[in-house]
Asks: 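Below you'll find the structure I mean.
Atoms within a ligand are numbered from 1 in the order they appear, just like the ligands themselves. Note: hydrogens, waters and symmetry copies are ignored here, and every other heavy atom, side chains too, is used.
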Amino acid sequence: MADFLLEMKGIVKQFDGVRALDGIDLQVRAGECIGLCGENGAGKSTLMKVLSGVYPHGTWDGDILFDGRPLQAQSIRDTEAAGIIIIHQELMLVPELSVTENLFLGNEITLPGGRMNYPAMNRRAQQLLAELNIGDVNVVLPVKQYGGGHQQLIEIAKALNKNARLLILDEPSSSLTASEIAVLLDMLRGLKAKGVTCIYISHKLDEVAAICDTIVVIRDGKHIATTPMQGMNVERIISQMVGRDMSQLYPQRKHAVGEQVVFEARNVTCYDADNPERKRVDNISFQLKQGEILGIAGLVGSGRTELVSAIFGAYPGVSEAEVWLHGRRIDTATPLKAIRAGLAMVPEDRKHHGIVPDLDVGQNMTLAVLNEFAHATRVDKQQELHAIRGEIALLELRAASPFLPITSLSGGNQQKAVLAKMLLTKPKILILDEPTRGVDVGAKFEIYQLMFELARQGMSIIMVSSELAEVLGISDRVLVIGEGQLRGDFVNRNLTQETVLAAALAQSSPVSVPASAAPHH
Ligand SMILES: Nc1ncnc2c1ncn2[C@@H]1O[C@H](COP(=O)(O)OP(=O)(O)OP(=O)(O)O)[C@@H](O)[C@H]1O
Ligand SMILES: [Mg+2]
């Protein structure tokens, strides 16, 4: 019996010009739960893609031993057969297929003769989801019926439907609510008790600390440290990750909120796409002052994303919104109109609304402003490239070249590219929906710093975030949404997480709406 279930030795992975993994060693004991930590672009996902056969044997250097035997997988099928199951950072479900069909994709139960045995699969699916405490899912409905959090849990159920000896979770919790995360962590504890070994990747370090036995930190494709969690804490993980002590998680505030109301949304209402009787957002109005950062808090599903999408003309169903900028009514019926009028939004779901996977990093960034670089019939490539390089430097975006495909960037750096795209439109009002999802602690700090600087320059910012600490750390004012309604409007002075949560959970009418300045038009 081998000492280690898994040994990776001297793993080197190069992409043209980029040495993503530079001789990494990783050892995992049977039954151990490893927390794999590192900044955006450190190489975590790449290492796991090497391990799981996404990058076939021969496209990287080094050795992998699984259960004492060399593993030379040509594909993810080979590693799955060996019991290595990976849940990727970006969701891999097929939205049009039913929950059951997704759960059994490539793994179907068939009748003699080869036809699908749907009743058996549906039963097994229902049972599996019940075990995971998400029995409220109707397994015959298409997956797209469900929100991001449920989809993520379905994805995990899909992995558990296979026989896992080593389970790899790459950022599984970034789109989960607090209660879904609790379900996930419980589930992982259960699996650990059954002897399943796991490698857990998350930028939510308190989760890592709660669930993992051992912390492995990598930086710039190199192994930095392997430390038992006992005797570690989140601060020490962070300093290993960034290579220095980070005493504060939020930068110093440099801006003061202006007196003037610059933006107003009135009577925003969104109707459910499937059930027009139901309002996802119910007649919400709010104002924004010059240089103000407005945090929008609320439970997942409360209508936060719908609210900002409707304002930006991006709500997929029927919505109503009256939007005013500098005292003038503006047309934001579509995102393009909204951008022309001076709004910009970085969406929550970068894979579906943020990036165009077929384009390179630079092309993605200039998508919304191409006409700025167009002179007569020619696009000024020099000027365009100059703008792109400026944004890359400003955001400290890690890309070897702007000509690489956007999909080759690490998750957090893709997020920065989407932010760059919107900043290039030079908006008056910037809407950020979960701007630091999947972003490491160091880069979060940089994004906050940038937000403060933009506010100092007079830009007003609306930030939707599920992380209450972030909402309180960054916002000048906080709106709380619950069940599609405005439940609170707080100046962020001595405001506590408890107060915000209480408002979010309250049954009706706003908890406290301080008198805000009267509209000036
Ligand atoms: N297909 C690719 N082509 C070129 N470069 C790539 C490719 N995939 C990854 N890289 C580069 O390899 C490095 C490591 O990326 P990786 O996705 O492994 O980071 P990560 O640690 O998972 O980061 P994050 O926390 O942001 O998800 C990055 O510099 C990334 O740009
Ligand atoms: Mg990653």
Asks: I'd like to know if D220 pairs up with R19 as an ion pair, taking the criterion as any Lys NZ or Arg NE/NH1/NH2 lying under 4.0 Å from an Asp or Glu carboxylate oxygen.
Replies: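 Between R19 and D220 there is no salt bridge, as every charged N stays at least 4.0 Å from the carboxylate O atoms.
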Asks: Please determine whether S410 has a backbone or side-chain N, O or S atom lying under 2.8 Å from the Mg ion (ligand 2).
Replies: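 Coordinating: no.
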Asks: Could E434 and R304 be called an ion pair, given the rule that one side-chain N must be under 4.0 Å from one carboxylate O?
Replies: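 Looking at R304 together with E434, the answer is yes, because their closest N to O distance falls below 4.0 Å.
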Asks: Is there at least one pair of N or O atoms, one from N413 and one from ligand 1, spaced under 3.5 Å apart?
Replies: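 No, since none of the N or O atoms of N413 sits under 3.5 Å from an N or O of ligand 1.
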Asks: Decide, yes or no, whether a salt bridge links E39 with R219 under the criterion of side-chain N to carboxylate O below 4.0 Å.
Replies: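 A salt bridge is absent here (no side-chain N lies under 4.0 Å from a carboxylate O).
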Asks: Quick test of your reading of the model: are R29 and D213 salt-bridged, counting only N-O distances below 4.0 Å?
Replies: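 So R29 does not pair with D213 through a salt bridge.
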Asks: If the cut-off is 4.0 Å to any non-hydrogen atom of H203, which atoms of ligand 1 fall inside it?
Replies: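 Near H203, the atoms of ligand 1 are 25 (O).
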Asks: Could you identify the single nearest non-hydrogen protein atom to atom 16 (P) of ligand 1 and state the distance to 0.1 Å?
Replies: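 Scanning the protein heavy atoms, the shortest distance from atom 16 (P) of ligand 1 goes to T46 OG1, 3.5 Å.
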Asks: Any idea which protein heavy atom is nearest atom 14 (C) of ligand 1, and the distance to it?
Replies: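 Nearest neighbour among protein heavy atoms for atom 14 (C) of ligand 1, to 0.1 Å: G41 O, 3.4 Å.
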Asks: So if I count the atoms of ligand 1 from 1 in the order they appear, which ones are less than 4.0 Å from some heavy atom of A20?
Replies: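 Going through ligand 1 atom by atom, the ones under 4.0 Å from A20 are 12 (O), 13 (C).
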Asks: Among I311, I462, L430, which residue meets the side chain to side chain contact (heavy atoms under 4.5 Å, CB included) test with L343?
Replies: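 Single side chain to side chain contact (heavy atoms under 4.5 Å, CB included) partner of L343 among I311, I462, L430: I311.
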Asks: Which is closest to atom 31 (O) of ligand 1 in terms of heavy atoms, G38, S408, A443, G412?
Replies: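 Shortest heavy-atom distance from atom 31 (O) of ligand 1: S408.
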Asks: Non-hydrogen atoms of E39 versus ligand 1: any pair closer than 4.0 Å?
Replies: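 Yes.
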Asks: Among V196, I85, L51, whose side chain to side chain contact (heavy atoms under 4.5 Å, CB included) with L166 holds?
Replies: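 For L166, the side chain to side chain contact (heavy atoms under 4.5 Å, CB included) test succeeds with only one of V196, I85, L51, which is L51.
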Asks: Got the closest protein heavy atom to atom 24 (P) of ligand 1, with its distance?
Replies: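 Answer, as residue, atom name and distance: N40 ND2, 3.5 Å.
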Asks: Going by ring-ring contact (aromatic ring centres under 6.0 Å, His included), name the pairs with one or both residues in residues 189-217, residues two or more places apart or in two chains.
Replies: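 Checked against ring-ring contact (aromatic ring centres under 6.0 Å, His included) - neighbours excluded - no pair reaches residues 189-217.
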Asks: Measure from the ring center of F15 to the ring center of Y55 and say whether it is less than 6.0 Å.
Replies: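 Yes; Y55 has its ring centre under 6.0 Å from that of F15.
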Asks: Taking distance alone, with N or O pairs closer than 3.5 Å, would you say S45 contacts ligand 1?
Replies: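 S45 vs ligand 1: N/O contact under 3.5 Å present.
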Asks: Are any of the heavy atoms in L404 under 4.0 Å away from ligand 1?
Replies: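 Distance cut 4.0 Å: L404 fails for ligand 1.
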Asks: What pairs with A125 under side chain to side chain contact (heavy atoms under 4.5 Å, CB included), at least two apart in sequence or on another chain?
Replies: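 Here the qualifying residues are T100, L103, F104, V139.
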Asks: Would you say E171 and ligand 1 have an N/O pair spaced under 3.5 Å apart?
Replies: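 E171 vs ligand 1: no N/O contact under 3.5 Å.
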Asks: Run the numbers for me: atoms of ligand 1, each under 4.0 Å from some heavy atom of L409, listed by number.
Replies: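 That gives atoms 31 (O) of ligand 1.
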